[in-house]
Amino acid sequence: MGSMPPSLFSSLPEVAKDEVFSLMAQYHADTDPNRVNLGAGVYCCDEGKSWPLRVVGQVEKNLHELQDIGRHDYLAIEGDPRFLAVARDLLFSSAFESEDDLRRSTDSRIVSVQTISGTGANHIGARFLAENLRPRRVWLSNPTWANHHAIWESVGVPVREYPYYNKDSRTLDFDAMIATLEREAQSEDVIVLHACAHNPTGIDPSHDQWMAIAELCQRKQLFPFFDSAYQGFASGSPVQDAWAVCHFYGLQPPVEMCVAQSFSKNFGLYGQRAGAFHLVMNDPSYAARDTVLANLSHLIRSEYSVSPRYGSTIIKTVLESKSLSKEWLADLKTISGRIKSMRAALYDELCRLKTPGSWVHIVDQIGMFSYTGLSATEVEILRKQFHIYMLSSGRISVAGRE
Ligand SMILES: Cc1ncc(COP(=O)(O)O)c(C=O)c1O
């Protein structure tokens, strides 16, 4: 064999590995019997194992028995319309008094497409806005889900950060958030907001604070981009967890906005990649909606053509049925209740051990994560000496795995 010609790819720039996934790989390579994985955002049950939702297992069994001959067919580019209708109603329905109101309003203002879960919805939304709104910048909370940075950088929109977390008090830095946005945000900037269970801090604005954020967005004409990855998972009530989205949706005069919706956590369908992107427009005409839908479909076609159908079929089956929806709500209560009791157990144990410092934030925070306040050095000691894996920011998944 002759000598190998040089590769065109040998001198690519180094790229940092994704912290969550590389931590998971380190955890799997660790053979210590007492290893604990608190890094990944996956809910685990008392035995420290994954917990497929009971209602999901039941629907899977029924679907398998049905052997629908179309079960492996392509979906439409924009997705399964019945899945999109229930996904949309899950988010927006509590904004309206009556079913009729809901149907009329959602039909005329919201354009929805199916996506590769929440990450895909964030990405398609970012691409769509980058190309069609052309914002001067996007505002992300400091800190935020690390992928928000990667997604917005990939579509070439300059990222700015608004203060969110006060390290000293371990609370929301609301005054600094508002002051920064008042001073520096400009009309048609995008602002990314976590609909509930802020990742990584587990701290959400109060209703009054959400109202003030909404008023600011309205007055300064910022474009709200909600990321909804934990609806129902935070409080146990999907309606309560959609409060902020519905408040913005019901504003008068109306604001245009969008929502990236994930079903990874609230249906435990992490690997099935079910999600949706919803754009709320101020033009209720069918012509405008059709054009937006055509533009979104054009983006999707060149990226992944169509979404997977397994997860969305399960979600559609549950949410279209009153009795299965009830069972889903019961599963959500089990999950959110157990997370709350794990928080309380951790807090009690820290107090019992007279661990220096205040730990009340552990029980005050909401959702699957706790921002412990541990430093990167402390996190490293826990990993190296005790085989406990968590993000260097000190974020832990409260219901992690053995
Ligand atoms: C804030 C936030 N947005 C979006 C997602 C998207 O997750 P997925 O793509 O698995 O639906 C996550 C998952 O961890 C998240 O925490």
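In this text the structure is predicted, and so the values were computed from the model without any measurement. We count ligands from 1, going down the list as the structure has it; atoms in each ligand are counted the same way.
- A salt bridge links Arg219 to Glu182: one of the charged nitrogens lies within less than 4.0 Å of a carboxylate oxygen.
- Using cut-offs of 30° and 60° on the angle between ring planes, the pair Phe225 and Phe277 is tilted.
- Residues Arg309 and Asp73 are not paired through a salt bridge, judged by the lack of any N-O separation under 4.0 Å between the basic side chain and the carboxylate.
- Not a single heavy atom of Phe263 sits under 4.0 Å from any atom of ligand 1.
- Here His247 and Trp243 bring their ring centres to under 6.0 angstrom of each other.
- Atom numbering of ligand 1 starts at 1 in the shown order; those under 4.0 Å from a heavy atom of Ser262 are 8 (P), 11 (O).
- Residue His194 has no N or O atom closer than 3.5 Å to an N or O atom of ligand 1.
- Residue Tyr230 touches ligand 1 through its side chain alone, judged by heavy-atom distances below 4.0 Å.
- The protein atom (non-hydrogen) at minimum distance from atom 7 (O) of ligand 1 is Thr119 OG1, 3.9 Å.
- Summary of contacts: the protein heavy atom closest to atom 3 (N) of ligand 1 is Asp227 OD2, 2.6 Å.
- Residue contacts with ligand 1: Ser264 is placed with a nitrogen or oxygen under 3.5 Å of a nitrogen or oxygen of the ligand (distance criterion only).
- For the pair His148 and ligand 1, the shortest N or O to N or O distance does not fall below 3.5 Å.
- For a threshold of 3.5 Å applied to N or O pairs, the pair formed by Asn122 and ligand 1 contains no separation below that value.
- Under a 3.5 Å cut-off, the side chain of Gln221 and the backbone N or O of Gln218 do not form any donor-acceptor pair.
- For ligand 1, the polar-atom distance check finds an N/O of Gly118 within less than 3.5 Å of one of the ligand's N/O atoms.
- Near Lys265, with a cut-off below 4.0 Å to any heavy atom, the atoms of ligand 1 are 13 (C), 14 (O).
- Residue-ligand proximity: Arg273 is placed with a non-hydrogen atom under 4.0 Å from ligand 1.
- For Arg35 and Tyr27, the positive end sits near the middle of the six-membered ring, less than 6.0 Å away and at most 45° from its axis.
- Numbered from 1 in the order shown, with element, the atoms of ligand 1 that lie under 4.0 Å from a heavy atom of Ala229 read 2 (C), 3 (N), 4 (C), 5 (C), 12 (C), 15 (C).
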side-chain contact (heavy atoms from CB on, under 4.5 Å), that's the test. Do Ser264 and Arg273 meet it? Break it down for me.
CA-CA 7 Å; Ser264 296; Arg273 318 308 291 140; 3.6 Å; yes
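- Among Arg137, Lys220, Arg160, the one residue that satisfies the salt bridge (Lys or Arg N to Asp or Glu O under 4.0 Å) test with Asp189 is Arg137.
- Aromatic ring pairs are classed by plane angle as parallel below 30°, tilted from 30° to 60° and perpendicular above 60°; the pair Phe248 and Trp210 is perpendicular.
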